[in-house]
Amino acid sequence: MGKKWMICSQKMADSRMKERIVFPSLLQNQFAHWMSELPEKLWDMALCNLAIPGSHDSMTYCLDLSSPVKPSEKILSYLDHVIPCITRPEIRRWCKTQESSVTQQLEEGIRFFDLRIAYRPNDTTEHLYFVHGIYTTITVQDAFKEFGAWLETHPKEVVILACTYFEGMNEQQHHQLIQKIENIFGSKLCLKTSAERVTLRKLWEMGCQVIMSYDNNIAEENPKLWPRIPYWWADTYNPESLVHYLETQKQQGRPDGFFVAGMNLTEDWWYIVTHLHSSLKKLTFPNYPYLIDWIKKQTPGPGKPCINIIAGDFIGAGYLIPAVLDLNRKLIQNEEN
């Protein structure tokens, strides 16, 4: 299976860069089992030293135009009261970073998910949602159930779920969310430990499939919830500046344990005003080949300049996943040498 994985990964990476325009259907199911198909030489390597594809703002594929704007966005909230028919569609154009559902992203090979959780203002239910400018149609509980159902049919695949942001939530809502996490994932949750000790073989032996990062102090004493996973975010719409930022971060050395290099471009107000007929998708797609060139030069592993998780936008386009997975061939070559 290891040889099959390497050949598939290389062919996919090469063909994606030649095609330039890729249809999501071409990627479907190609990497649904990539962890279980890794060469055995990598089963005992720490998961934080493998190259793992991730999605940035993973749940924005279903942003809800009927939802309010998140309260912390003061200017947008004001505009939403005045011209909601214009404000919300614009927010969605610039805040929608994914087009693939949870199951589709899993089938396409994504194993790290960036989850921004929030309480929706004036909601009369106990539901929590995901948010990026506006809120999602899918609830947090339903999304977690979707993860759980997929993992049941893919017992050797492991996901890293990074719960962050938590806008508008009180202590009681945190406790309720943590209880739901434990109820849904149960024994699949990997107990908090040193990331360097977590390997695929050990996870398989224990039946664990979920590493749950919970970026809030309320989870510090919970043995099933991991601390915040560092995310290198350049906060720029310029691809050259993004690469320069990541190279600067690498010179300082990779963090211990899991961490994410964000390959996501970020617009600011000036960019939006000067590109009124554009969108985040139109900003991202033309620059993907340049960003993929940087990815192909990276090396996973424990060394100071090494990478671990690489996350990006619009992962269904087919550029990022094969390029990231192909980096694991370097680990195999290093083992052989």
Side-chain angles (χ1 to χ4, degrees), residues 31-38 40 42-55 58-59 102-103 105-107 109-115 117 140-141 143-164 166 174-231 254-260 300-302 307-311 324-325 328 331:
F31 298 116
H33 301 273
W34 71 262
M35 285 183 161
S36 63
E37 294 178 349
L38 281 173
E40 188 172 357
L42 299 184
W43 295 359
D44 295 309
M45 182 165 288
L47 204 58
C48 62
N49 292 333
L50 295 179
I52 299 173
S55 59
S58 307
M59 307 305 295
V102 168
T103 298
Q105 291 186 47
L106 288 164
E107 288 288 315
I110 293 296
R111 295 294 178 267
F112 169 86
F113 291 81
D114 174 25
L115 308 176
I117 297 175
V140 173
Q141 178 171 303
F144 285 164
K145 287 181 177 179
E146 191 172 345
F147 279 112
W150 189 88
L151 291 170
E152 282 289 333
T153 59
H154 298 74
K156 285 195 170 184
E157 299 303 303
V158 178
V159 296
I160 303 169
L161 306 181
C163 299
T164 62
F166 300 118
H174 276 290
H175 285 300
Q176 290 173 341
L177 174 57
I178 291 171
Q179 187 61 57
K180 287 178 181 178
I181 289 172
E182 294 181 347
N183 291 343
I184 291 171
F185 295 114
S187 61
K188 287 184 174 63
L189 289 169
C190 176
L191 293 179
K192 181 167 48 182
T193 183
S194 170
E196 285 74 15
R197 299 174 59 187
V198 178
T199 68
L200 285 174
R201 193 189 298 273
K202 288 181 180 178
L203 291 172
W204 294 341
E205 290 173 350
M206 296 185 295
C208 296
Q209 293 181 266
V210 180
I211 294 171
M212 181 68 69
S213 166
Y214 201 95
D215 186 15
N216 188 277
N217 293 336
I218 205 167
E220 286 182 354
E221 302 303 318
N222 191 310
K224 297 179 181 179
L225 300 178
W226 291 58
R228 173 183 174 272
I229 295 175
Y231 193 113
R254 58 158 292 168
D256 294 331
F258 298 106
F259 78 101
V260 186
I307 56 86
N308 174 212
I309 301 164
I310 298 181
V324 173
L325 291 179
N328 288 310
L331 293 173

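Between C208 and S187, the closest heavy-atom pair is SG-O, 3.9 Å. Nearest heavy-atom pair across M35 and R111 is CE-CG, 3.9 Å. Contact record, V324 with A51: O-CB, 3.4 Å, taken as the closest heavy-atom pair. A195 and G257 get closest at one heavy-atom pair: CB-CA, 3.6 Å. The minimum heavy-atom distance linking I218 with I178 is given by the pair CG2-CD1, 4.0 Å. Residues H154 and A32 share a closest heavy-atom pair of CD2-O, 3.7 Å.
By the 4.5 Å heavy-atom criterion applied to side chains, L106 and F113 are counted as neighbours. Residues M45 and T199 are not in side-chain contact: their nearest non-hydrogen atoms beyond the backbone lie 4.5 Å or more apart. A 4.5 Å side-chain heavy-atom check between P227 and K192 finds at least one atom pair inside the cut-off. A 4.5 Å side-chain heavy-atom check between T164 and N216 finds every atom pair outside the cut-off. Considering only heavy atoms from C-beta on, V260 stays 4.5 Å or farther from I310 through its side chain. Put simply, the side chain of L325 reaches to within 4.5 Å of the side chain of P53, judged on heavy atoms. In this structure, V210 and V158 have side chains that are not in contact, with every pair of non-hydrogen atoms separated by 4.5 Å or more. The shortest side-chain heavy-atom distance between E182 and N222 falls under the 4.5 Å cut-off.
The ring pair (Phe, Tyr, Trp, His ring centres under 6.0 Å) check on H175 picks up nothing, with sequence neighbours excluded. Residues satisfying the salt bridge (Lys or Arg N to Asp or Glu O under 4.0 Å) criterion with E221, sequence neighbours excluded, are absent altogether.
With rounding to the nearest 0.5 Å, the separation of SG in C48 from CG in N308 is 6.0 Å. From I309, atom CD1 reaches atom CD1 of I110 across 10.5 Å, with rounding to the nearest 0.5 Å. Within the model, atoms SG of C190 and CG of L225 stand 11.5 Å from one another, a figure rounded to the nearest 0.5 Å.
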**Asked** Please walk me through it: do L203 and L47 pass side-chain contact (heavy atoms from CB on, under 4.5 Å)?
**Response** CA-CA 10 Å; L203 291 172; L47 204 58; 4.1 Å; yes
**Prompt:** Under the side-chain contact (heavy atoms from CB on, under 4.5 Å) criterion, do I211 and F258 qualify, and how do the steps go?
**Reply:** CA-CA 10 Å; I211 294 171; F258 298 106; 3.6 Å; yes
**Request:** Evaluate the criterion side-chain contact (heavy atoms from CB on, under 4.5 Å) for residue pair L50 and L331; output intermediate values, then yes/no.
**Result:** CA-CA 8 Å; L50 295 179; L331 293 173; 3.7 Å; yes
**Request:** May I have the step-by-step check of side-chain contact (heavy atoms from CB on, under 4.5 Å) for F112 and V159, ending in yes or no?
**Result:** CA-CA 6 Å; F112 169 86; V159 296; over 6 Å; no
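A distance-only check finds no donor-acceptor pair linking the side chain of D215 to the backbone of C163 [under 3.5 Å]. Between the side chain of R254 and the backbone N or O of G301 there is at least one donor-acceptor pair closer than 3.5 Å. Here the side chain of Q209 pairs a donor or acceptor atom with the backbone of L151 at under 3.5 angstrom. Not a single donor-acceptor pair under 3.5 Å links the side chain of Q141 to the backbone N or O of K180. With hydrogens and angles disregarded, no donor-acceptor distance shorter than 3.5 Å links the side chain of W226 to the backbone of M212. Using modelled atom types, no side-chain atom of D114 and backbone atom of S58 make a donor-acceptor pair closer than 3.5 Å.
Between E37 and K156 there is no salt bridge, since no side-chain nitrogen of the basic residue lies less than 4.0 Å from a carboxylate oxygen of the acidic one.
Aromatic ring centres of F144 and F185: separated by under 6.0 Å.
Using modelled atom types and a 3.5 Å distance limit, the side chains of E196 and N49 yield no donor-acceptor pair. The closest side-chain donor-acceptor pair between W150 and E107 falls under 3.5 angstrom.
Judged as a ring-ring contact (aromatic ring centres under 6.0 Å, His included), the pairs with a partner in residues 192-224 (not counting sequence neighbours) are, in order, W43-W204, F166-Y214, H174-Y214.
Annotation: N183, atom CG; neighbour count of heavy atoms from other residues, nucleotides and ligands within 6.0 Å is above 12.
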